[in-house]
Number of protein chains: 2
Amino acid sequence: MTKTSKSPHKLRFAILATDTVLFSKDQGGLKVLLMKVDRPPFYVQHWGVPGGLIHPKETADEAAKRHLWEKAGAKKFVHIEQLYTFSALDRDPRGRVVSVAYLALTPTTDIVRRGGSEVRWFSVENLPKLAYDHKDIIRTAIERVRSKLAYTNIAFGLLPEEFTLGELQRLYEVVLRRRFDKRNFRKKLFSLKLVVGTKKKKRAGRSRPAELYRFSERRHKVVGIL
Amino acid sequence: MTKTSKSPHKLRFAILATDTVLFSKDQGGLKVLLMKVDRPPFYVQHWGVPGGLIHPKETADEAAKRHLWEKAGAKKFVHIEQLYTFSALDRDPRGRVVSVAYLALTPTTDIVRRGGSEVRWFSVENLPKLAYDHKDIIRTAIERVRSKLAYTNIAFGLLPEEFTLGELQRLYEVVLRRRFDKRNFRKKLFSLKLVVGTKKKKRAGRSRPAELYRFSERRHKVVGIL
DNA sequence: CCAAAAGTGTTGTCGTTACACCCATGA
DNA sequence: TCATGGGTGTAACGACAACACTTTTGG
């Protein structure tokens, strides 16, 4: 029973937006992409996740992808999924805005600078002042990523096509804030046939070169890992 | 970065609604509450889940609860959670309506008849013609309930305060469409301390009376059951 | 006494954990 | 040759699966 039409203006009180939490990782840990928001009187020198209005002729998914590209210059995100819809009355002090939030993952920290506001990656451990309800949105997104690492293969969204098992394990360790046993971790990935070895080696620094692996499937798949 | 205000009318093209999939169970299995929709030319003799507009002064959650009560007379639902936001352009042929869908659970099949359209419980195995995208919404809701039975205690939403372990097990069996071993099933529930016995007995028909149990906590809690 | 569902323990298997040493490389 | 991270197997333990008989009641 979705309701109605002829749509008097009174029914169309709300503005619809999307907000997308885009994650990447570097050796330090999980990063979120934020843009500077500088809107007195409420949000001077605050930051927020990229987002914007949904247009009349696009779905929420389309809007999320478009804004990621237009606002933040992020194009190569590998995974995007709907996160939650935030509808608190006062989430935007300027008026009623309902936002469909998304979670996206990218293997790189490269972003194309396009006009507009400053864009930066922040460590999730050390976020700046956030505008609107973006703190809630980001918290929800972090919880989602954490839980999904445990029972899906989404890690592929945060790693390049080829990676070492050390990199993969470090990803799990920094995001989930716990340590794993190297041998058991590898055994699990192999027994689930989640990764396959290429024959290539990657040398890094002064230590023994590691074999490069790739995910056997690079689409979202639920498989109990932990 | 939720956007903007002063809100010219052009920005407010969409109508916001909620749609709620309310489940209950009887001995046959999972039931969904549907209301008759009779809107020529598209949806003659179709059915849909209860829902309606979000008001300017309420959140999506509030709207979902209100409509469950106002439209369907369902008051005693025990659990409600946001499911997914559906925003396809043509989901409502009369105009752009974005719907925040909810999933709710109730232990009883009682509903208070209030004015308006006919309201009925349908088995999820045998749904009628559905209006709008309600087939998608219901499918999504069924998947969600199934997966949540496996790793949370939401079953409490579908059972009365006191129930027998046979009832609980049958609930799992009909919803997940598989059989469980009685002893292992009970062992698991006890070892997780999910249920506690009252001393009361329930006699049913001509067989041995079963002890009544209750959930040790009746709030949503994630615990690996299966 | 028969039918129907409730209730109760043990054993084998398989997955998870814990654990320590050698290898290849660059400095 | 030393420091760094890569790579490998095994044994103990615990969780899960399989399995059958006795109990209580109403008819």
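No hydrogens, no waters, no symmetry mates; every other heavy atom, side chains included, goes into these values. Residue numbers begin at 1 in each chain, while the letters A, B, ... track the order of the sequences.
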Just N and O in the side chain of R183(B): are any of them under 4.0 Å from OP1 or OP2 of dC19(D)? no
For K65(A), the salt bridge (charged side-chain N to carboxylate O under 4.0 Å, His left out) test, sequence neighbours excluded, returns none
When rounded to whole Å, the CG to P distance for the pair L168(B) and dG7(C) reads 12 Å
Tell me the interatomic distance from K182(B), atom NZ, to dT23(D), atom P, rounded to whole angstroms. 14 Å
Presence of donor-acceptor pair under 3.5 Å, side chain of R206(A) and base of dT25(C): no
Taking the nucleotide of DNA chain C with the nearest heavy atom to each, does K187(B) or E167(B) sit closer to the 5' end? E167(B)
Shortest non-hydrogen contact from L22(B) toward W121(B): O-CZ3, 3.5 Å
Roughly, in whole Å, what's the span from CZ in F190(B) to P in dG9(C)? 11 Å
Under 4.0 angstrom, heavy atoms only, what part of the nucleic acid is R203(A) near: base, sugar-phosphate, or nothing? sugar-phosphate
Within this structure, what is the CZ-to-C1' distance between F185(A) and dT8(D), rounded to whole angstrom? 16 Å
Compare all side-chain heavy atoms of F156(B) with those of K221(B) and state whether any distance is below 4.5 angstrom. no
Would you kindly compare G224(B) and S207(B) by the position of their nearest DNA chain D nucleotide and give the one closer to the 5′ end? G224(B)
Just how far is it from atom CD of E81(B) to atom CD1 of I154(B), taken to the nearest 0.5 Å? 7.0 Å
N184(B) atom CG is separated from dA6(C) atom P, nearest whole Å, by 16 Å
Identify whether any heavy atom of K188(B) sits under 4.0 Å from a base atom; if not, whether one sits that close to sugar-phosphate; answer base, sugar-phosphate or nothing. sugar-phosphate
Examine distances only and state if a side-chain atom of S87(A) and a backbone atom of A60(B) form a donor-acceptor pair shorter than 3.5 Å. yes
Quickly work out the I225(B) CD1 to dC16(D) P distance and round it to whole Å. 12 Å
Measure from CD on E211(A) to P on dT25(C) and round the result to the nearest Å. 13 Å
Quick one: the side chain of R208(B) and the base of dA3(C), do they pair up donor-acceptor inside 3.5 Å? no
Value in whole Å for how far the P atom of dA15(D) lies from CG of L192(B): 11 Å
Quick check: on DNA chain C, is the nucleotide nearest D181(A) upstream (toward 5') of the one nearest S191(A), or the reverse? Name the residue that is more 5'. S191(A)
